[in-house]
K.L.:
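The structure that follows is given in the form of structure tokens.
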Amino acid sequence: MDRKWKWVLSSGALLVIFLGRMTTALEVPLDPKVLEGLPQPPTITHQSPKDFIIDPRENILIYCEAKGKPHPSFSWTRNGTHFDVEKDSKVLMKPSSGTLVIDISGEKAEAYEGIYQCTARNEHGTAVSNNIVIRQSRSPLWSKERKEAIMVQVGVSLVLQCRPPAGLPPPIIFWMDNNFQRLPQNTRVSQALNGDLYFSNVLLDDTRNDYICYARFPHTQTIQQKQPITVKVLDMDAINETVAAMYNYTNNLFVDSPSGERRPSFMAPLGRSSTQMALRGGVLELECIAEGLPTPEVSWYKESGDLPSSRMSFHNFQKTLKIADVMEADAGDYRCTAKNSLGSAHHTIKVNVKAAPFWISAPRNLILAPKETGILTCRVSGDPKPQIAWSVNGVPVEDSPKDMSRKVEDDTVILSDVQTGSSAVYQCNASNEFGYLLANAFVNVLAEAPRVLTPPNNVYQVITNNPAFLDCASFGSPIPTITWFKDSQTSILNRDPYVIHNNGTLEINVAQSLNSGKYTCIASNNLGTKENHVYLEVKEPTRILAQPEYMVVQRNRKAVFECKVKHDPTLIPTMNWLKDNGELPDDERFLVDTDSLTINDVTEEDEGTYTCVMNTTLDQDSASAMLTVVEATPTPAIVYEEPDPPTDLELTDQRERSVQLTWIPGDEHNSPTQKFLVQYEDLLHQAGVWHNLTEEEGTKTTAHLDLSPYAYYSFRVLALNHVGYSQPSQPSRQYRTNPAAPDVNPTDVQGVGTEHNNLVISWKELTGLQSNGPGLQYKVNWRQKDVEEDWSSETVANASKYVVSGTPTFVPYEVKVQAVNDYGNGPAPEAVVGYSGEDVPMSAPESVQVLVQNGTLAEVHWEPVLTSMVRGRLQGYKVSYWRERSLHQAEAQQEEQQVLAFSGNRTDGRLPGLKPYSLYTLNIRVVNGKGEGPLSPNHNFETPEGVPGPPSFLRIKNTNMDSLTLEWGPPQDNNGRLTGYTLKYQPVNNSNELGPVEEMTFPANETTITLADLKYSTRYKFYFNAKTIKGSGPTITEEAITIMDEAFIQQPIVDVVKGYTEPHLPISPITQSLRPQFYKVHPIGSAFTNVNSSVVGEEGAVISWEYFGPDKNVYVEYIVENSKEDWTKEFVNGSSGSQTYLIKGLKPGTSYRVRVVVKDHSEATIHSTEELVITLPAMKSNQVDLATQGWFIGLMCAIALLILVLLIICFIKRNKGGKYPVKEKEDAHQDPEIQPMKDDDGTFGEYSDTEDHKPLKGSRTPSNGTVKRDDSDDSLVDYGEGGDGQFNEDGSFIGQYSGKKEKDTHEGNESSEAPSPVNAMNSFV
């Protein structure tokens, strides 16, 4: 028989032996003398990580260290080709090492990026390192960008994007302000994993101009800063009130503001579900960020199982779930729920766990003797399954020289009949798309005579009844065989109580004094023999015989604790006293004697627990007692204590198996004795252990004791009163009983087979006291039941089982076990019936029949397997069945096999949960205690038709005023031949009452229908199902709303001459919501519905829509028809529901294409409406603003100059001619509409700087208060001078508007339009 073994040398100290077919690890302390002169192939001991990111400011250090005998030489490859180190003056290889030092001073680190691999070789083989990828760390600058101020309405959600530059490794993101203080984060404001800052809803306090995203690159310790972001939060309710007061306008301008309370919805991730992949052993981070008002709370749970509490943690205010050390069991659906007082939203993240290759069993080094056989295994796992490639000395096996002794089988290399000089290093490379593993394992062929490494004449000391281990470490090739001998015996110690371990160690389970002596171990192989001698000494245990007792002592009295110990005389004991597990106080009042502790003049500080500890070099024992200190009382009350122990124990009436014990009771301490407890100690079998023997009434002082033979008895007595037990009395003198034959036999006798050809007879051993004498053994008897044969017997000692080999399979046996000793046999034992071992069944059930009950249930019947064929205890039958295909399909699509187990001797069973109109296959096998029998032949059966499943989908599209189109898909499970479809629908009014039902049927090949003559602006509910000949299947429902009649959308009228005319409806069509007055269901398909447009004036158009998507980046895009320019894009707040938006600044008489789109954070379009074509009317007249004409300005200046001259003349005449009555009348009755001009600024008095800086109706705005609209703003209205007249609109209603910019002095000369009500309203929208 070939012997397969191997040693693994780890730092010259670890040998792993493969012996036979067993693999055993040997830890041998090899010293340098043993290793000296032994050849060894190279082994890589240290190398740089696979992915090595370098700092461009420091030299590159690539490690490669290896050991071997002789010491290996080193070489490198770079990007797959030889890297000549000597030709590059910047590269240095360390002496006696493969480590490279690359000096990059004056060089660019990029020049040395690449894939490096180190090779270590000597005359016995070649080892290679991992592929070491060298990459330079990078911390690129942030790209320059111009950040406009973000204006947002209070209450809405907001995302501030960071978008840091890609670095190596990736940067760490954080948000700070101008003062380098971290921005506060909470459940409302938090940073996402990608670095963006999310606001679930904004507050006025969020207004600031220093939202700054920082990126810290850890490798280079540099920090990059993004341009600050300015956020302005507007309170649109206050603005509504201000504008309404200005224009006496009673309606709310922003009736559909999205800033109010709302249900949660998810900002990240988007949609209802998403997927995420994680790698085994890595970190899984799942994130859910929701918006809503009030701020939602996020919670997590796993839909199919529990979250791994030991590896799980929550971060970012419960928005991030982090699972460390990912395992395959972590795959599944994780559901995050965002909840506030108005409702909740859910998002499901499907997690798939993949795995880079990981070791199950890495190849280990082999040391083989010539002609031996060894195996290298490279067992890995991963997802996807890794591919394994073997190399020899760095060369792929298929390219290396042929070796007839080598056989490669996938993950195993078998080396047979190896020869001297065939040492080599094998490489196993396991890889998949997520990574690779590379391992070197050498095969070293050696021939060495045995050496015993354990020092000679070692002395081992153990305490009685403890295990003893005697070492015999050895080295040799082939691996030496270890044998042990005791004293001068010639027999090998290989049976109870001795166990020889694979590493040569001899174990004695329970050491006794008779095991003391000299032991010899011999190591031998075919090259020689070596022996070594060691000694074992078994010592008596240390025991405390008199323990310290609980004491209550009056203050200033003396306390004495006793502690008497018994120990092995050859061991030196050490007595220590502890107080409360610490050292005794350093006080002369504490006196320690050989067997006591005395405390003089006790005080309250002396209270505590006192412990005596007896130590020897091999064991210890300890005992404790408490000390309580009380005040001395002149007239003490009655004290009730436990009684004093009895005294003067005497043994009388001594017989072979009985004796009479008498004693004198101790002081009862004011509490009568209730009973006495007699205990015994057997010094022969259990020294130091006391057992309860009998109890006597408190009035008795004598007890008759029944005894067992062959025991060394000592007795003691304890007294019990209502306080408790007394201390034990002093032991009586020893009383020995004579040996005798056993009185009882072992109990719990059983006969059970563990293999198909054996019977294990087991029993509960007798105690030492039950043995009744020396030489206790057990006579085991057995015979096959119901067979005429004699009893077989075997006598064993120190055992609790016996194995009978060569038995037939599963047959009954009668077994009995009898106790015997040197003085005779025990009583005749009773026979117990047991069974020999089972084997797997030999035959399968026959006559399999299937009775199909209906489309989902079938009964299967079979003939039971003969008992002789079961070959064991019948447990039942297993029916395996699976669906081959639907009867609709010609090709098989086998589903997962299902198994039903039927216990007992059953001959039939039911198969539930079948699918109708399908072909099934089943087979049956019998099961016993050993396993499963062979399969019966496959049996096919068909299930009849049933009702179909629900249609796969029902979509509603092309919704118009009086019609819509339905599309549907056939059921995923037809369960038969479809005969058609049934459609029912009915209207639903505003109070959710259902109208009359209309019903339609369609053939099976129809998939669409258009319903006409419906009511406009009406909600309909649709019910749809499929039918077979067995009936109708489940119904699916949908709801939709027909479009509102366009006649209800009234346009505003703008008359150039008359100004603004109120519409007939009470709400402005520009500001009103197009949302119907009843609940509208979410449409299936596009996220947009009811998209309409209308023209407003000559330069504007209103577009309206209804949006039901979760994304918030909604834009209105328009372009001149037939133009090749880019689309003009304007941002709109993406709240769900009805929305309107005014596009301004369009050219009169021009046609535009308009659409509404939704984009993600990467500016990619997610949803889009159909394009609408809008044509603006041509300008009706060449309207000219007089305020901008030069001749008008000149005329006004001339009139003003003329009036000034007239005033001067009147002033001169007045001074010459005195006062005129007319002047006095003018002074007394001034016309309020005619005011003198001011001399300082030439303006009318009504516009003085002391007023509120507001213009009169129909007047021009002063030049220094000119209204000017910035190119990037939608509207800006300034009233009066300075910066206090700024006004901003609601971005959710008509878009997002920028604030007023300060005007330069030269801008004050620009003309402006008169702020008529029409112009003011146009500026709002």
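Sequential numbering from 1 along the given sequence is applied to the chain's residues.
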K.L.:
Are Q276 and Y334 side-chain neighbours, meaning at least one heavy-atom pair lies under 4.5 Å?
P.N.:
no
K.L.:
Could R451 and E531 be called an ion pair, given the rule that one side-chain N must be under 4.0 Å from one carboxylate O?
P.N.:
no
K.L.:
Checking Q387 now: which residues fulfil side-chain contact (heavy atoms from CB on, under 4.5 Å) with it, not counting sequence neighbours?
P.N.:
none
K.L.:
Does a sphere of radius 6.0 Å around CZ in R379 hold more than 12 heavy atoms from other residues, nucleotides or ligands, not counting ones at 6.0 Å or beyond?
P.N.:
no
K.L.:
Is the shortest side-chain heavy-atom distance between W390 and V413 below 4.5 Å?
P.N.:
yes
K.L.:
Indicate the atoms forming the closest heavy-atom contact of F358 with G382, along with that distance.
P.N.:
CE2-N, 3.9 Å
K.L.:
To the nearest 0.5 Å, what is the distance between CZ (F52) and CD1 (I62)?
P.N.:
7.0 Å
K.L.:
Quick check: does any side chain N or O of S129 sit under 3.5 Å from a backbone N or O of C118, one acting as donor and the other as acceptor?
P.N.:
yes
K.L.:
So how far is it from W300 CH2 to T320 OG1, rounded to the nearest 0.5 Å?
P.N.:
7.0 Å
K.L.:
Keeping H124 on the side-chain end and N444 on the backbone end, is there a donor-acceptor pair under 3.5 Å?
P.N.:
no
K.L.:
Rounded to the nearest 0.5 Å, how far does CD of E507 lie from CD1 of I500?
P.N.:
11.5 Å
K.L.:
Does P269 offer a backbone N or O that forms a donor-acceptor pair with the side chain of S274 under 3.5 Å?
P.N.:
no
K.L.:
Is it the case that more than 12 heavy atoms not belonging to D399 sit under 6.0 Å from its CG atom?
P.N.:
yes
K.L.:
Using atom types as modelled and distance alone, determine if a side-chain donor or acceptor of Q898 lies under 3.5 Å from a backbone N or O of W882.
P.N.:
no
K.L.:
State, yes or no, whether a side-chain contact exists between L100 and V85 at a heavy-atom distance under 4.5 Å.
P.N.:
yes
K.L.:
Is it true that a side-chain atom of S477 and a backbone atom of L446 form a donor plus acceptor pair closer than 3.5 Å?
P.N.:
yes
K.L.:
Is it true that N458 and T454 share a donor-acceptor pair across their side chains at a distance under 3.5 Å?
P.N.:
no
K.L.:
Has K930 got a side-chain atom pairing as donor or acceptor with G837's backbone, closer than 3.5 angstrom?
P.N.:
no
K.L.:
Identify the two heavy atoms, one from S381 and one from I360, that lie closest to each other, and give their separation to 0.1 Å.
P.N.:
CB-CD1, 3.6 Å
K.L.:
Is P363 close to C428 at the side-chain level, that is, under 4.5 Å between some pair of heavy atoms?
P.N.:
yes
K.L.:
Measuring only between side-chain heavy atoms, which start at C-beta, is P72 closer than 4.5 Å to R121?
P.N.:
no
K.L.:
Would you say D330's side chain and A324's backbone share a donor-acceptor pair under 3.5 angstrom?
P.N.:
no
K.L.:
Measure across E123 and P70 and return the closest heavy-atom pair with its distance rounded to 0.1 Å.
P.N.:
OE1-CG, 3.9 Å
K.L.:
Near E86 CD, under 6.0 Å, is it more than 12 heavy atoms from other residues, nucleotides or ligands?
P.N.:
no
K.L.:
Mind checking whether Q419 and V445 have side chains closer than 4.5 Å, heavy atoms only?
P.N.:
no
K.L.:
Determine whether I60 and I104 satisfy the following criterion, side chain to side chain contact (heavy atoms under 4.5 Å, CB included), listing intermediate values before the conclusion.
P.N.:
CA-CA 7 Å; I60 304 173; I104 61 173; 3.8 Å; yes
K.L.:
Distance from N432 atom CG to D383 atom CG, nearest 0.5 Å?
P.N.:
8.0 Å
K.L.:
May I have the step-by-step check of side chain to side chain contact (heavy atoms under 4.5 Å, CB included) for D471 and L453, ending in yes or no?
P.N.:
CA-CA 9 Å; D471 294 331; L453 306 179; over 6 Å; no
K.L.:
I need the full list of side-chain hydrogen bond (donor to acceptor under 3.5 Å, both in side chains) pairs touching residues 46-65, with sequence neighbours left out, sorted by first then second residue.
P.N.:
D51-R135, D55-R57, E65-S97, E65-T99
K.L.:
For the pair V101 and D103, evaluate side chain to side chain contact (heavy atoms under 4.5 Å, CB included) and give the outcome as yes or no after the intermediate values.
P.N.:
CA-CA 7 Å; V101 180; D103 182 6; over 6 Å; no
K.L.:
Applying side chain to side chain contact (heavy atoms under 4.5 Å, CB included), run through L415 and V443 and close with a yes or a no.
P.N.:
CA-CA 9 Å; L415 302 170; V443 176; 3.5 Å; yes
K.L.:
With a 4.5 Å limit on heavy-atom distance, are the side chains of L376 and L366 in contact?
P.N.:
yes
K.L.:
N526 and P478: which non-hydrogen atoms are nearest, and at how many Å?
P.N.:
OD1-CD, 3.4 Å
K.L.:
If you compare all heavy atoms of T126 against all heavy atoms of N393, which two are closest, and at what distance to 0.1 Å?
P.N.:
N-OD1, 2.9 Å
K.L.:
Would you say that more than 12 heavy atoms from the other residues, nucleotides or ligands in this model lie under 6.0 Å from the NZ of K90, or not?
P.N.:
yes
K.L.:
Looking only at the side chains, is there a donor atom on one of N532 and Y519 sitting less than 3.5 Å from an acceptor on the other?
P.N.:
no
K.L.:
Please give me the minimum heavy-atom distance between N525 and P450, naming the atom from each residue.
P.N.:
OD1-CD, 3.0 Å
K.L.:
What is the distance from atom CZ of R138 to atom CG of L168, rounded to the nearest 0.5 Å?
P.N.:
6.5 Å
K.L.:
Enter the distance from S880:OG to L935:CG here, rounded to the nearest 0.5 Å.
P.N.:
6.5 Å
K.L.:
Side-chain contact, heavy-atom cut-off 4.5 Å: R406 with Y426?
P.N.:
yes
